[in-house]
Amino acid sequence: MIDQSTICAISSSPGTGAIAVIRLSGSEAISITDKVFQSPKKGKKLVAQKPNTMHFGQIVFKDEVVDEVVVCLFLEPHSFTGENIVEISCHGSTFIQQKILEILVENGARLALPGEFTQRAFLNGKMDLSQAEAVADVIASSNAASHKLALNQMRGGFSKEINELRSQLLHFTAMVELELDFSEEDVEFADRTELKNLTERIEKLLRKLKNSFQLGNAIKNGIPVAIIGETNVGKSTLLNALLNEDKAIVSDIHGTTRDVIEDVVNIHGTAFRFFDTAGIRETEDQIENLGIERTYSKLEQATAVLLVVDTNNPYPIVFGRINKIRERVTNGQTLIIVANKIDTGQRETIQELELLDLTDDEKMVFIAAKNKDNLDELIDLMIHSVNIEAASQEDIIVTNARHYEILKNAHEAILRVLQGLENGITGDFLAQDIRECLHYLGEITGEISTHEVLGHIFKNFCIGK
Ligand SMILES: Nc1nc2c(c(=O)[nH]1)N(C=O)[C@@H](CNc1ccc(C(=O)N[C@@H](CCC(=O)O)C(=O)O)cc1)CN2
Ligand SMILES: Nc1nc2c(ncn2[C@@H]2O[C@H](COP(=O)(O)OP(=O)(O)OP(=O)(O)O)[C@@H](O)[C@H]2O)c(=O)[nH]1
Ligand SMILES: [K+]
Ligand SMILES: [Mg+2]
């Protein structure tokens with residue numbers, strides 16, 4: 001149920017500019033504005049004006065002129081929210097803006113919650129949930145790639161894909177359910193080969209969407225790079241060198257870094273999000289152990305893993321560490337072995353490392369983080385191992401973590417359908433898994449949504465949007 005009140009907020013950016021825009025939305029938007037607006041044309045009323053027109057006049061309160069303004073009228077359902085909208089363009093003084101808001105509230109409007117205009121646009125069917133979410137991404141977009149993705153999604157690119165999937169699944173259910181109606185007679189309307197082909201197509205598409213998140217997240221938030229290794233190998237020194245800033249504490253004390261430290265830096269046009277982590281070692285310290293757990297979870301989430309090793313250590317020890325981490329690095333992740341401290345390192349360790357066999361997903365670089373020696377080589381490796389340019393040519397790329405979580409569930413459900421078909425399970429079980437998959441897709445577009453989910457999504461918007 002949509003709350004019927006008329007809401008108002010400052011929609012231009014906070015602070016002072018030449019002109020500010022105050023927006024009202026709701027059935028009383030125009031009549032409330034009429035109470036405080038005076039046209040130089042005597043007796044002119046806004047409620048009597050045509051939609052999509054602009055009018056010059058004054059905001060007057062208790063016989064005092066607050067400002068000269070221009071108002072713009074939209075009539076429901078032809079507006080951003082689908083409701084009556086008035087936009088008041090006033091002078092940019094924060095005093096004037098606040099004063100006009102106050103006057104509007106005094107005349108029956110209420111202050112809008114963050115994202116409430118966009119939420120109403122969604123509730124009134126002007127856009128689906130994934131489009132509404134993209135509005136925030138458009139506002140936040142800070143580079144060409146993230147802007148392109150967000151705009152594409154706001155305009156419904158992603159929704160189209162999801163709706164196609166839904167209609168394929170509905171076709172599928174229809175075939176299976178027809179069969180259920182005739183279950184006594186033991187007939188098979190739904191040709192199993194056809195069903196299997198359809199399921200495979202859907203599975204492939206869901207998998208593609210799901211997997212695109214790695215790239216989408218990298219574009220939106222920076223490529224996640226985890227810096228890991230034993231204590232004192234120079235991880236924090238490396239982070240500081242990459243950021244060109246003394247962000248993390250460096251010391252010769254083992255276990256200096258206890259928690260994950262992250263920051264984004266733009267290197268040659270590509271945003272990297274670095275995570276410096278707690279050094280891995282055996283310890284009785286509970287806090288440090290919690291930190292080490294976080295190290296492993298960052299390792300899992302990273303696109304590239306910088307495994308820092310100290311070349312001052314004997315080779316067998318270094319080799320042992322490398323193999324321990326290799327076990328944890330999965331398909332699609334790049335492992336960059338960063339052999340650090342070559343300024344003081346053991347010659348033999350360095351020579352043995354140079355002979356180490358590497359797979360296609362593994363790279364190695366020799367540096368001295370403290371002196372920033374060979375940092376450029378490391379940067380080159382990172383840029384080449386995660387080639388965003390090529391991948392971002394893809395049409396639909398998932399950038400939203402909520403969508404990603406749902407797509408994972410939907411994909412699991414469709415895998416169960418596929419497995420069911422292979423094992424010849426009955427139609428009613430098939431139908432159940434398909435319906436589950438449909439349910440998940442509905443969560444993305446907002447056909448299925450709860451108060452809680454909506455509240456969570458829109459509370460992160462700015463006020464006035
Ligand atoms: N002044 C102003 N600028 C703005 C917005 C706004 O609300 N006000 N926007 C807010 O986000 C964005 C533009 N988005 C908008 C989306 C729909 C409609 C609108 O009036 N839609 C009607 C009419 C469509 C038509 O004429 O064909 C509709 O959908 O029925 C307006 C702005 C960015 N710039
Ligand atoms: N000689 C030399 N020393 C270095 C180099 N890089 C780091 N160090 C030193 O190694 C010590 C540990 O550095 P940190 O950056 O704190 O090491 P860390 O891996 O973050 O350690 P934890 O946070 O305790 O896990 C410090 O004394 C650094 O100055 C290097 O390239 N050469
Ligand atoms: K340290
Ligand atoms: Mg550290």
Side-chain angles (χ1 to χ4, degrees), residues 9-12 19-25 29 51-54 70-89 112 115 117-122 124-127 131-132 134-136 138-139 151 154-156 227-242 246-261 274-281 283 285 288 291-292 294-295 306-313 321 338-346 365-375 378 461-462 464-465:
I10 299 165
S11 285
S12 43
I19 306 290
V21 176
I22 293 168
R23 225 170 15 170
L24 294 96
S25 181
N52 303 101
T53 51
M54 291 184 104
V70 168
V71 301
C72 182
L73 308 175
F74 299 84
L75 240 56
E76 64 144 283
H78 302 295
S79 74
F80 173 70
T81 56
E83 305 172 337
N84 286 344
I85 284 188
V86 176
E87 291 184 358
I88 303 173
S89 301
F117 289 92
T118 311
Q119 184 167 13
R120 287 189 176 195
F122 161 67
N124 290 322
K126 283 283 167 183
M127 53 180 76
Q131 288 176 289
V135 171
V138 168
I139 293 172
L151 198 68
M154 184 181 77
R155 299 179 66 207
I227 305 173
I228 61 163
E230 287 192 281
T231 54
N232 265 11
V233 292
K235 300 178 297 298
S236 300
T237 308
L238 176 59
L239 175 82
N240 292 347
L242 289 164
D246 277 339
K247 174 102 180 178
I249 298 174
V250 165
S251 86
D252 58 5
I253 300 166
H254 289 264
T256 302
T257 308
R258 295 268 175 129
D259 209 341
V260 179
I261 301 173
F274 291 107
F275 296 92
D276 177 25
T277 62
I280 300 165
R281 67 163 171 175
T283 170
D285 188 317
E288 195 176 346
I292 294 171
R294 291 189 179 188
T295 297
L306 305 188
L307 169 58
V308 184
V309 294
D310 185 344
T311 53
N312 285 299
N313 288 323
R321 299 302 168 208
V338 182
N340 191 29
K341 307 196 192 181
I342 50 167
D343 54 330
T344 54
Q346 290 186 29
V365 62
F366 295 84
I367 68 162
K370 199 175 172 181
N371 314 325
K372 300 195 178 185
D373 283 346
N374 270 354
L375 218 57
L378 170 60
F461 272 59
C462 40
K465 193 53 233 180

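In listed order, ligands and their atoms are each counted from 1. Keep in mind that what you see is a predicted model, and the values were worked out from it rather than measured.
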J.: What protein heavy atom sits nearest atom 8 (N) of ligand 1, and how far off is it?
T.: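 Looking at atom 8 (N) of ligand 1, the protein heavy atom closest to it is Glu87 OE2, 2.5 Å.
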J.: Can you report which non-hydrogen protein atom sits closest to atom 6 (N) of ligand 2, along with the distance?
T.: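 Answer for atom 6 (N) of ligand 2: Asn340 ND2, 3.3 Å.
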J.: Mind checking whether Thr344 contacts ligand 2 via backbone (N, CA, C, O), side chain (CB onward), both or neither, at a 4.0 Å heavy-atom cut-off?
T.: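 Looking at Thr344 and ligand 2, just side chain atoms fall under 4.0 Å.
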J.: List every atom of ligand 2 that sits less than 4.0 Å from any heavy atom of Gly279, numbering the atoms from 1 in the order shown and giving each element.
T.: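 Checking each atom against Gly279, I get 25 (O).
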J.: Using modelled atom types only, decide if a donor and an acceptor are shared between the side chain of Thr277 and the backbone of Ile227 within a distance under 3.5 Å.
T.: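 Checking the backbone N and O of Ile227 against the side chain of Thr277, a donor-acceptor pair under 3.5 Å is found.
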J.: Establish whether atom 10 (C) of ligand 1 and some protein heavy atom are separated by less than 4.0 angstrom.
T.: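 Protein heavy atoms within 4.0 Å of atom 10 (C) of ligand 1 - there is at least one.
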J.: Run Arg294 and Asp259 through side chain to side chain contact (heavy atoms under 4.5 Å, CB included) and show every step you take.
T.: CA-CA 7 Å; Arg294 291 189 179 188; Asp259 209 341; 2.9 Å; yes
J.: Can you tell me which portion of Ile253 lies within the under-4.0 Å heavy-atom range of ligand 2? Options are side chain, backbone, both, or neither.
T.: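 Backbone only; the side chain of Ile253 stays clear of ligand 2.
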J.: Counting each atom of ligand 1 from 1 as listed, which ones have a heavy atom of Pro77 under 4.0 Å away?
T.: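 Heavy-atom distances to Pro77 below 4.0 Å select 30 (O).
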J.: I need the atoms of ligand 2 closer than 4.0 Å to a non-hydrogen atom of Lys235, numbered in the order shown.
T.: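 Answer for ligand 2: 15 (O), 17 (O), 18 (P), 19 (O), 20 (O), 21 (O), 22 (P), 25 (O).
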J.: Atom 8 (N) of ligand 2: which protein heavy atom is closest, and how many Å away?
T.: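 Result: Lys341 CE, 3.6 Å.
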J.: Under 4.0 Å from a heavy atom of Gly255: give me the atoms of ligand 2 that qualify, with their elements.
T.: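 In order of numbering, the contacting atoms are 24 (O).
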J.: Is it true that, when you exclude Ile139 itself, more than 12 heavy atoms of the residues, nucleotides or ligands shown sit nearer than 6.0 Å to its CD1?
T.: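 Enclosed: over 12 neighbouring heavy atoms sit under 6.0 Å from CD1 of Ile139.
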J.: At less than 4.0 angstrom from any non-hydrogen atom of His254, what atoms of ligand 2 do you find?
T.: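 Numbered from 1, ligand 2 contributes 24 (O).
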J.: Kindly compute the distance separating CG (Leu238) from CD1 (Ile367), expressed to the nearest 0.5 Å.
T.: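 Here the interatomic distance stands at 5.0 Å.
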J.: So which heavy atom in the protein is nearest atom 17 (O) of ligand 2, and how far is it from that ligand atom?
T.: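 Scanning the protein heavy atoms, the shortest distance from atom 17 (O) of ligand 2 goes to Gly234 N, 3.2 Å.
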J.: Can you sort out which atoms of ligand 2 are near Ala368, meaning under 4.0 Å from one of its heavy atoms?
T.: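 Checking each atom against Ala368, I get 31 (O).
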J.: Strictly less than 4.0 Å: does any protein heavy-atom distance to atom 24 (C) of ligand 1 fall in that range?
T.: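 Protein heavy atoms within 4.0 Å of atom 24 (C) of ligand 1 - there are none.
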J.: Whether the side chain of Asn340 engages the backbone of Val308 through a donor-acceptor N/O pair (distance < 3.5 Å, no angle test) should be reported.
T.: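 Answer holds: no.
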J.: Inspect the contact between Lys247 and Asp276 and indicate whether a charged nitrogen and a carboxylate oxygen are less than 4.0 angstrom apart.
T.: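 No, no charged N to carboxylate O under 4.0 Å.
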J.: Rounded to the nearest 0.5 Å, how far does CD1 of Ile19 lie from OG of Ser12?
T.: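 Nearest 0.5 Å value for the OG-CD1 distance: 9.5 Å.
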J.: Closest non-hydrogen protein atom to atom 23 (O) of ligand 2, residue and atom name please, with distance?
T.: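 Of every protein heavy atom, Thr257 OG1, 2.8 Å lies nearest to atom 23 (O) of ligand 2.
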J.: Before signing off on this row, confirm whether Ile367 and ligand 2 have an N or O atom pair separated by under 3.5 Å.
T.: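 So ligand 2 has no N or O lying under 3.5 Å from an N or O of Ile367.
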J.: Quick check on contacts: which atoms of ligand 1 are under 4.0 angstrom from a heavy atom of Arg23?
T.: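 Atoms satisfying the 4.0 Å criterion: 6 (C), 7 (O), 10 (C).
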J.: Would you mind telling me which of Val250, Asp246, Thr257, Ile261 makes a side-chain contact (heavy atoms from CB on, under 4.5 Å) with Leu239?
T.: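 Testing Leu239 for a side-chain contact (heavy atoms from CB on, under 4.5 Å) against Val250, Asp246, Thr257, Ile261 leaves exactly one candidate, Ile261.
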J.: Within the supplied structure, the quantity of interest is the number of heavy atoms (other residues, nucleotides, ligands) at a distance under 6.0 Å from Arg281 CZ; does it exceed 12?
T.: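 Yes, the 6.0 Å shell around CZ holds more than 12 heavy atoms from other groups.
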J.: What protein heavy atom lies closest to atom 21 (O) of ligand 2? Include the residue and the distance to one decimal.
T.: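 Here the closest protein heavy atom is Asn232 N, 3.0 Å.
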J.: Considering only protein heavy atoms, which is closest to atom 29 (O) of ligand 1, and at what distance to one decimal place?
T.: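 Among all protein heavy atoms, the one nearest atom 29 (O) of ligand 1 is Lys126 NZ, 3.1 Å.
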J.: Which is it for Cys72 and ligand 1 at heavy atoms under 4.0 Å: side chain, backbone, both or neither?
T.: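 No part of Cys72 is near ligand 1 at this cut-off.
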J.: Report yes if the side chains of Thr231 and Glu288 come closer than 4.5 Å at any heavy-atom pair, otherwise no.
T.: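 Touching, per the 4.5 Å side-chain cut-off.
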J.: Using 0.5 Å steps for rounding, measure from the OG1 atom of Thr237 to the CG atom of Asn371.
T.: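 Going from the OG1 atom of Thr237 to the CG atom of Asn371 covers 10.5 Å.
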J.: Please tell me if atom 27 (O) of ligand 1 is touched by the protein, where touching means a protein heavy-atom distance below 4.0 Å.
T.: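 No, there is no protein heavy atom closer to it than 4.0 Å.
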J.: Any heavy-atom pair between the side chains of Arg23 and Phe80 that's under 4.5 Å?
T.: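 The answer is yes, as the side chains (C-beta and beyond) meet within the 4.5 Å cut-off.
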J.: Among protein heavy atoms, which lies nearest atom 31 (O) of ligand 2, and at what distance?
T.: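 Residue, atom and distance for the closest contact: Ala369 N, 2.9 Å.
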J.: Is the side chain of Arg120 donor-acceptor paired with the backbone N or O of Gly82 at a distance under 3.5 Å, no angle test?
T.: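 Here the side-chain-to-backbone pair does not exist.
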J.: Would you mind checking which non-hydrogen protein atom is closest to atom 15 (O) of ligand 2, with the distance to 0.1 Å?
T.: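 Atom 15 (O) of ligand 2 sits closest to the protein heavy atom Thr237 OG1, 2.5 Å.
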J.: If you scan the protein for heavy atoms around atom 4 (C) of ligand 1, do you find one that is closer than 4.0 Å?
T.: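 No.
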J.: Do me a favour and list the nearest non-hydrogen protein atom to atom 20 (O) of ligand 1 with residue, atom name and distance?
T.: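 Going atom by atom, the protein heavy atom closest to atom 20 (O) of ligand 1 ends up being Ser79 CA, 3.4 Å.
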J.: In the protein, which heavy atom is nearest to atom 12 (C) of ligand 1, and how far is it?
T.: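 Among all protein heavy atoms, the one nearest atom 12 (C) of ligand 1 is Lys465 NZ, 4.8 Å.
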J.: Is the backbone of Asp252 close enough, under 3.5 Å, to the side chain of Thr256 for a donor and an acceptor to pair up by distance?
T.: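 Not a single qualifying donor-acceptor pair exists.
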J.: Would you mind listing which atoms of ligand 2 come within a distance below 4.0 Å of any non-hydrogen atom of Thr256?
T.: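 Near Thr256, the atoms of ligand 2 are 22 (P), 23 (O), 24 (O).
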J.: When you measure from atom 12 (C) of ligand 2 to every protein heavy atom, which one gives the shortest distance, and what is it?
T.: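 So the nearest neighbour among protein heavy atoms is Ser251 O, 3.2 Å.
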J.: Has Asn84 got a side-chain atom pairing as donor or acceptor with Ala29's backbone, closer than 3.5 angstrom?
T.: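 Checking the backbone N and O of Ala29 against the side chain of Asn84, no donor-acceptor pair under 3.5 Å is found.
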J.: Provide the number and element of each atom of ligand 2 under 4.0 Å from a heavy atom of Asp252.
T.: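 Those atoms are 27 (O).
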J.: State the CZ-CG distance between Phe274 and Leu242, to the nearest 0.5 angstrom.
T.: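 Answer for the CZ-CG pair, Phe274 versus Leu242, is 4.5 Å.
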J.: Could you find the nearest protein heavy atom to atom 14 (N) of ligand 1 and give me its residue, atom name and distance?
T.: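 Protein heavy atom at minimum distance: Phe80 CD1, 4.3 Å.
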J.: Looking at Ser25 and Ile85, would you say the former's side chain and the latter's main chain have a donor-acceptor pair under 3.5 Å?
T.: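 No.
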J.: Any sub-3.5 Å donor-acceptor pair from Asp310's side-chain atoms to Asn312's backbone N or O?
T.: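 Yes.
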J.: Give the atoms of ligand 1, by number and element, whose distance to some non-hydrogen atom of Phe74 is under 4.0 Å.
T.: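 Once the distances to Phe74 are compared, the set is 20 (O).
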J.: I'd like to check Leu307 versus Arg321 (side-chain heavy atoms, cut-off strictly below 4.5 Å). Are they in contact?
T.: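 They are not in contact (no side-chain heavy atoms under 4.5 Å apart), so the answer is no.
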J.: What do you think, any protein heavy atom under 4.0 angstrom from atom 1 (N) of ligand 1?
T.: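 Given the 4.0 Å limit, the answer for atom 1 (N) of ligand 1 is yes, a protein heavy atom qualifies.
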J.: Pick one of side chain, backbone, both or neither for how Asp343 approaches ligand 2, counting any non-hydrogen atom pair under 4.0 Å.
T.: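 The part of Asp343 near ligand 2 is the side chain, not the backbone.
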J.: Roughly how far apart are Thr295 OG1 and Arg258 CZ, rounded to 0.5 Å?
T.: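 Thr295 OG1 to Arg258 CZ: 12.0 Å, rounded to 0.5 Å.
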J.: With a 3.5 Å distance limit and no angle check, can you tell me whether Lys235 reaches the backbone of Leu306 through a side-chain donor-acceptor pair?
T.: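 No: the side chain of Lys235 does not pair with the backbone of Leu306.
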J.: Sorted by chain and residue number, which protein N/O/S atoms are under 2.8 Å from the Mg ion (ligand 4)?
T.: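 The answer, once waters are left aside, is Ser236 OG, Thr257 OG1.
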J.: Working to the nearest 0.5 Å, report the span between NZ of Lys465 and OG1 of Thr118.
T.: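 The NZ atom of Lys465 sits 5.0 Å away from the OG1 atom of Thr118.
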